[in-house]
Amino acid sequence: PASSLPHHTPAIVVSFTMAISVVVVACPCALGLATPTAVMVATGRGAHLGVLIKGGDRLQAAAGVTDVVFDKTGTLTQGRASVTQAFCLSDVDAASTWGAAAVARYALAAESGSNHPAAVAIQQHCSSTLGEDVPVAGESGTAVAGSGMRCSFE
């Protein structure tokens with residue numbers, strides 16, 4: 001009743017309080033279903049936009065996030081991974097034969113059979129470094145789960 005609220009409570013607040021009370025008492029299941037439904041809709045919408053959220057508890061924890069740090073691989077700015085710079089042994093040791101072209105040839109050969117986003121980025125970088133389409137010299141390139149590629153060369 002209105003007598004349970006402070007004396008100068010606006011009529012809209014009294015009305016809203018009564019409405020919420022009726023919903024909670026009459027249909028508690030609606031409140032129990034509303035939260036999981038909201039979490040499902042939020043995670044589905046996030047996945048549609050490319051943000052994967054593992055569960056409602058992590059979504060709730062995200063409410064307290066104040067800072068976010070991203071690495072700069074091009075995934076955020078361009079929507080795909082890219083190689084921005086590569087360093088070779090010849091950069092630090094002038095006597096080394098492992099220059100940019102040699103490393104690019106081997107990397108291109110090793111990654112040529114893969115369609116993984118990182119492999120595609122390496123392929124594009126190596127092709128632009130070499131400036132031409134180079135025939136693949138590697139054979140039997142295989143992906144090693146969690147470790148990268150294994151490829152033999154003649």
Side-chain angles (χ1 to χ4, degrees), residues 1-89 91-92 100 103-134 136 138-152:
S3 60
S4 65
L5 296 171
H7 187 50
H8 297 294
T9 304
I12 187 75
V13 173
V14 173
S15 300
F16 193 69
T17 303
M18 297 296 171
I20 294 295
S21 299
V22 168
V23 169
V24 169
V25 171
C27 192
C29 294
L31 297 177
L33 294 173
T35 301
T37 303
V39 169
M40 181 184 68
V41 169
T43 55
R45 179 69 178 141
H48 186 324
L49 296 172
V51 178
L52 301 178
I53 301 168
K54 196 168 184 174
D57 56 335
R58 284 158 179 102
L59 185 63
Q60 187 174 359
V65 172
T66 57
D67 298 315
V68 179
V69 178
F70 296 103
D71 67 343
K72 194 70 172 130
T73 59
T75 307
L76 292 172
T77 56
Q78 300 172 2
R80 60 182 166 76
S82 64
V83 177
T84 56
Q85 191 172 13
F87 296 96
C88 305
L89 190 55
D91 294 338
V92 292
V103 171
R105 276 193 181 82
Y106 284 115
L108 183 60
E111 298 289 359
S112 64
S114 178
N115 62 354
H116 187 277
V120 171
I122 292 170
Q123 292 167 18
Q124 291 171 346
H125 178 75
C126 292
S127 294
S128 67
T129 299
L130 296 171
E132 63 206 43
D133 287 332
V134 177
V136 177
E139 49 188 62
S140 70
T142 14
V144 180
S147 297
M149 293 293 297
R150 180 180 301 142
C151 185
S152 60

Should R105 and L130 be marked as a side-chain contact (heavy atoms from CB on, under 4.5 Å) after you check the CA-CA gap, both sets of side-chain angles, and the distance that decides it?
CA-CA 8 Å; R105 276 193 181 82; L130 296 171; 3.9 Å; yes
For [X] and [Y], which heavy atoms make the closest approach, and how far apart are they?
X: D67; Y: V65; answer: O-CG1, 3.5 Å
X: V13; Y: T17; answer: O-OG1, 2.7 Å
X: L59; Y: I53; answer: CD1-CD1, 3.6 Å
X: C151; Y: A109; answer: SG-O, 4.4 Å
X: A121; Y: V83; answer: O-CG2, 3.7 Å

How long is the gap from CG on L108 to NE2 on H125, to the nearest 0.5 Å?
11.0 Å
Report the distance from atom NE2 of H48 to atom OG1 of T43, rounding to the nearest 0.5 Å.
13.5 Å
Hey, is CG on L49 packed in by over 12 heavy atoms from elsewhere, all under 6.0 Å?
yes
Backbone N/O of E111 and side chain of Q123: donor-acceptor pair under 3.5 Å:
yes
